[in-house]
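Residues: numbered from 1 along the sequence shown.
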Amino acid sequence: MRRSALTAVSACILAASLPGCLPERNDYSGFVAIDPAGWAYGDTIELVPELTDSAAVGRIAVAVRHTDGYLYRNLWLEVTTPLGDTVLADTINVSLADIYGKWHGTGVGVSYIADDTLPGSYCLTRGRPVTLRHIMRADTLHDIEQIGLIFIPD
């Protein structure tokens with residue numbers, strides 16, 4: 001067993017030292033800090049994926065960092081992605097707590113992070129923004145610290 005662990009470590013070191021021999025990766029993650037005064041209903045968060053290729057196909061996950069002062073169990077979001085000359089809009093319900101108020105995410109102190117993945121695959125284009133906005137019934141959300149996008153290529 002020890003030999004296989006050393007072989008795996010050696011393979012990782014070798015792969016890291018030969019980046020020209022590996023295919024380009026198009027993973028992307030980006031986070032935006034939310035104003036401590038709150039996230040207003042009309043405020044749209046824009047994230048522009050920095051891809052190595054001009055376009056990439058993969059899955060999109062949304063991550064939410066919040067405090068234990070957040071008043072709701074979930075966060076409904078509208079996610080828009082460019083598709084040619086049009087824009088695709090999708091909604092996602094990021095579950096942050098169970099019915100008893102226990103936070104689902106992981107965290108330290110009063111800050112937690114939770115994520116959820118949109119169903120299906122998406123084609124992202126370098127330089128074209130993905131936007132996020134909350135569609136909760138409250139006008140302004142408090143205790144959301146950051147919102148982020150994680151792209152996992154297929």
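Between T80 and V130 there is no side-chain heavy-atom pair separated by less than 4.5 Å. Between L51 and T125, every side-chain heavy-atom pair lies at or beyond the 4.5 Å cut-off. Side-chain contact between L149 and I45 is absent, with no heavy atoms from C-beta onward closer than 4.5 Å. In this structure, Y28 and L47 have side chains that are in contact, with non-hydrogen atoms separated by less than 4.5 Å.
At distances below 3.5 Å, not a single donor-acceptor pair connects side-chain atoms of D53 with backbone N or O atoms of A56.
For residues 110-126, the set of pairs meeting the salt bridge (charged side-chain N to carboxylate O under 4.0 Å, His left out) definition, not counting sequence neighbours, is empty. For the salt bridge (charged side-chain N to carboxylate O under 4.0 Å, His left out) condition, the pairs that include at least one residue of residues 129-138, sequence neighbours left out, are E78-R133. For residues 142-154, the salt bridge (charged side-chain N to carboxylate O under 4.0 Å, His left out) pairs, not counting sequence neighbours, are R65-E145. Within the structure, ring pair (Phe, Tyr, Trp, His ring centres under 6.0 Å) pairs that include any residue of residues 78-104 comprise H66-W103, W103-Y112 (at least two apart or interchain). Sorted by first and then second residue, the ring pair (Phe, Tyr, Trp, His ring centres under 6.0 Å) pairs involving residues 36-59 (not counting sequence neighbours) are W39-H134, Y41-H134.
In this structure, CG on L141 lies 6.0 Å from CE on M136, to the nearest 0.5 angstrom. Taking OH from Y70 and NE2 from H142, the interatomic distance works out to 11.0 Å, rounded to the nearest 0.5 Å. Considering CZ of R128 and OG of S54, their distance stands at 12.0 Å, rounded to 0.5 Å. With rounding to the nearest 0.5 Å, the separation of OG1 in T117 from CD1 in I150 is 8.0 Å.
Qualifying side chain to side chain contact (heavy atoms under 4.5 Å, CB included) partners for P129, counting only residues two or more places apart in sequence or in other chains: E46, V48. Contacts of T81 classified as side chain to side chain donor-acceptor pair (under 3.5 Å), with partners at least two apart in sequence or in another chain: none. Under the rule for a side chain to side chain contact (heavy atoms under 4.5 Å, CB included), the partners of A114 that lie at least two apart in sequence or sit in another chain are L96. Not a single side chain to side chain donor-acceptor pair (under 3.5 Å) links T44 to another residue, sequence neighbours left out. Contacts of D35 classified as side chain to side chain contact (heavy atoms under 4.5 Å, CB included), with partners at least two apart in sequence or in another chain: A37.
Under the 4.5 Å side-chain heavy-atom criterion for grouping Ile, Leu, Val, Met, Phe, Trp and Tyr, I135 is connected to V94 within one hydrophobic cluster. The same ILVMFWY cluster, assembled from side-chain heavy atoms under 4.5 Å apart, contains both L71 and W76.
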Run the side-chain donor-acceptor check on residues 86-93: report pairs under 3.5 Å with partners two or more places apart or on a different chain.
residue	atom	partner	partner atom	Å
T86	OG1	L83	O	2.9
D90	OD2	Y122	OH	2.4
N93	OD1	N74	ND2	3.0

